[in-house]
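Position 1 is the first residue of the sequence; numbering continues from there. Being a predicted model, the structure only gives us computed values, none of them experimental.
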Amino acid sequence: MIAELVGAAVACAGVAGVYTAAAARVVKQYERGVVFRLGRLYGGVRGPGFTMVLPLVDRLRKVNMQIVTMPVPGQEGITRDNVTVRVDAVVYFKVIDAANAIIQVEDYRFAVSQMAQTSLRSIIGKSDLDDLLSNREKLNEGLELMIDSPAVGWGVQIDRVEIKDVSLPETMKRSMARQAEADRERRARVINADAELQASKKLSEAAKEMSKQPAALQLRLLQTVVAVAAEKNSTLVLPFPVELLRFLERAQRDPAPPPAAPSPPTAAVPVTDGGPEDTPALAETPQPPGIPGPEAPDPGAAEDPGPTGLTAPGGPEPSALPGPATPPDDEPPSTAPDDPGR
């Protein structure tokens, strides 16, 4: 009898152990449990720790309450300024109501993923390319608001949404690179021009100071020569005054006319033509320098005929010419009678 009681007690203990093992559940710290009894929600959400359910009657479903990081696949779209881009994003969300996450939506992860993709496409179509590249904070806020609005009824809270990458076509990348290079070149030229302006003002002030002391310019020239020679090169520096270059340039631009050579004086001598009348003609011969020539006759004076009454047309009298006078042909030469005593 006692043995039968002991056997029954052992059997009951075994059945109780099996029941307890079948009914016992453990919920982790980052999870929440939702119990369904005969298909209906039973009680509230079970917290972390040990909990019991009725075997074959209750069913416990655990929901992860941690923040989930979900990458959004790249979406291709056309921006408002007609540029084709491909945008990738990432969504951070968590479950705040385990019961609604199980009851209101079949798979809250898949639902959040599809909502993120459609919202991302909508944001791409409403934005410009410059906004996608430089104003991402505003786009992230708008994308988060678009996804969070329907997710609240699912018991899901969108923590944040980040646009991860914006892929552009190669042609657009080259165009943007040329634009950026041109902008940098423009800024560099403006800075260089400003520097030249400031340097010219300083050089003007330095020139005014050096003009007061001429030795300062020579000292500056010597400093320049020392600076060039300090580089250990074979360059030979020869200072050349700028004033000399300006003088040569003016001389080349305005050449002076060459001086005219003086003409030598001429003298008239009688020359016989050998004609029938044997009229003496005058020929002009060059007068050596240093010997005074005959004075020119006055054209207004009266002509004095010579012994024969003939003169050279437009010429001086024969008696005025230097050298021995030639007797005219019409007069015989006078000869003295022979002395009979000789």
Side-chain angles (χ1 to χ4, degrees), residues 1-75 87-124 139-165:
M1 185 67 182
I2 297 175
E4 293 178 358
L5 292 176
V6 172
V10 172
C12 291
V15 172
V18 173
Y19 180 81
T20 302
R25 296 290 187 274
V26 177
V27 180
K28 297 179 181 179
Q29 182 66 35
Y30 54 86
E31 295 177 341
R32 297 295 183 268
V34 179
V35 178
F36 292 92
R37 177 168 293 178
L38 298 178
R40 298 181 60 182
L41 180 64
Y42 177 78
V45 178
R46 304 291 178 90
F50 181 80
T51 184
M52 297 289 294
V53 296
L54 295 178
L56 304 177
V57 178
D58 295 341
R59 184 181 178 185
L60 179 66
R61 294 190 60 179
K62 300 177 183 180
V63 180
N64 192 339
M65 306 297 290
Q66 292 176 321
I67 295 177
V68 180
T69 302
M70 177 181 292
V72 180
Q75 302 297 315
V87 182
D88 299 337
V90 58
V91 181
Y92 301 89
F93 68 94
K94 63 180 179 180
V95 177
I96 57 175
D97 190 347
N100 288 336
I102 297 299
I103 297 172
Q104 298 297 332
V105 63
E106 178 182 4
D107 187 354
Y108 65 90
R109 290 175 178 266
F110 182 75
V112 171
S113 175
Q114 294 300 315
M115 180 59 64
Q117 295 180 27
T118 55
S119 300
L120 184 58
R121 285 178 175 270
S122 179
I123 286 293
I124 292 174
L139 298 180
N140 292 337
E141 293 177 359
L143 188 58
E144 178 182 349
L145 183 62
M146 293 179 65
I147 300 175
D148 189 61
S149 298
V152 172
W154 305 337
V156 178
Q157 179 183 359
I158 304 300
D159 188 61
R160 61 186 304 175
V161 180
E162 295 287 344
I163 295 177
K164 184 170 58 175
D165 185 23

Is Lys164 paired with Glu162 through a side-chain N to carboxylate O contact shorter than 4.0 Å? no

Crowding at CZ, Phe36 (>12 non-hydrogen neighbours, <6.0 Å): yes

If you compare all heavy atoms of Gln75 against all heavy atoms of Ile124, which two are closest, and at what distance to 0.1 Å? O-CD1, 3.7 Å

Please give me the minimum heavy-atom distance between Gly142 and Ile123, naming the atom from each residue. C-CD1, 4.4 Å

For a side-chain contact (heavy atoms from CB on, under 4.5 Å) with Val34, tell me which candidate from Asn100, Ile103, Leu41 qualifies. Leu41

Before you tell me yes or no, could you show the steps for Arg46 and Phe50 under side chain to side chain contact (heavy atoms under 4.5 Å, CB included), namely the whole-Å CA-CA distance, both residues' side-chain angles and the distance that decides it to 0.1 Å? CA-CA 9 Å; Arg46 304 291 178 90; Phe50 181 80; over 6 Å; no

Within the distance-only criterion (no hydrogens, no angle test), does the side chain of Arg32 pair as donor or acceptor with the backbone N or O of Gln29 below 3.5 angstrom? yes

Rounded to the nearest 0.5 Å, what separates atom OG in Ser113 from atom CZ in Phe93? 8.5 Å

Please report the shortest heavy-atom distance between Leu120 and Ala89, naming the atom on each side. CD2-CB, 4.1 Å

Would you name the heavy atoms of Val72 and Ala116 that are closest together and state the gap between them? CG2-CB, 3.7 Å

Considering only distance and modelled atom types, tabulate donor-acceptor pairs under 3.5 Å from the side chains of residues 143-159, sequence neighbours left out.
unit_1 : atom_1 : unit_2 : atom_2 : d
Asp148 : OD1    : Ile158 : N      : 3.1
Ser149 : OG     : Leu145 : O      : 2.8

Heavy-atom donor-acceptor pair, Arg160 side chain to Glu141 backbone, under 3.5 Å: no

CD1 of Ile67 to OH of Tyr92: how many Å apart, nearest 0.5 Å? 10.0 Å

Dump the intermediate steps for side chain to side chain contact (heavy atoms under 4.5 Å, CB included) on Val95 and Tyr108, then the final yes or no. CA-CA 9 Å; Val95 177; Tyr108 65 90; 3.5 Å; yes

Report yes or no: does Thr118 contribute a side-chain atom to a donor-acceptor pair with the main-chain N or O of Gln114 at less than 3.5 Å? yes

What's the separation between atom CE in Met65 and atom NZ in Lys94, rounded to the nearest 0.5 Å? 8.0 Å

Could you go through Thr51 and Arg25, starting from their C-alpha distance and side-chain angles, then the distance that decides it, and tell me whether this counts as side chain to side chain donor-acceptor pair (under 3.5 Å)? CA-CA 5 Å; Thr51 184; Arg25 296 290 187 274; over 6 Å; no

Is there a donor-acceptor contact under 3.5 Å from the side chain of Ser119 to the main chain of Met115? yes

Residues 55-64 side chain polar contacts: donor-acceptor under 3.5 Å, at least two apart:
unit_1 : atom_1 : unit_2 : atom_2 : d
Asp58  : OD1    : Arg37  : NE     : 2.5
Asp58  : OD2    : Arg37  : NE     : 3.3
Asp58  : OD2    : Arg37  : NH2    : 2.7
Asp58  : OD2    : Leu54  : N      : 3.1
Lys62  : NZ     : Val26  : O      : 2.7
Asn64  : OD1    : Gln66  : N      : 2.9
Asn64  : ND2    : Gln66  : OE1    : 3.4

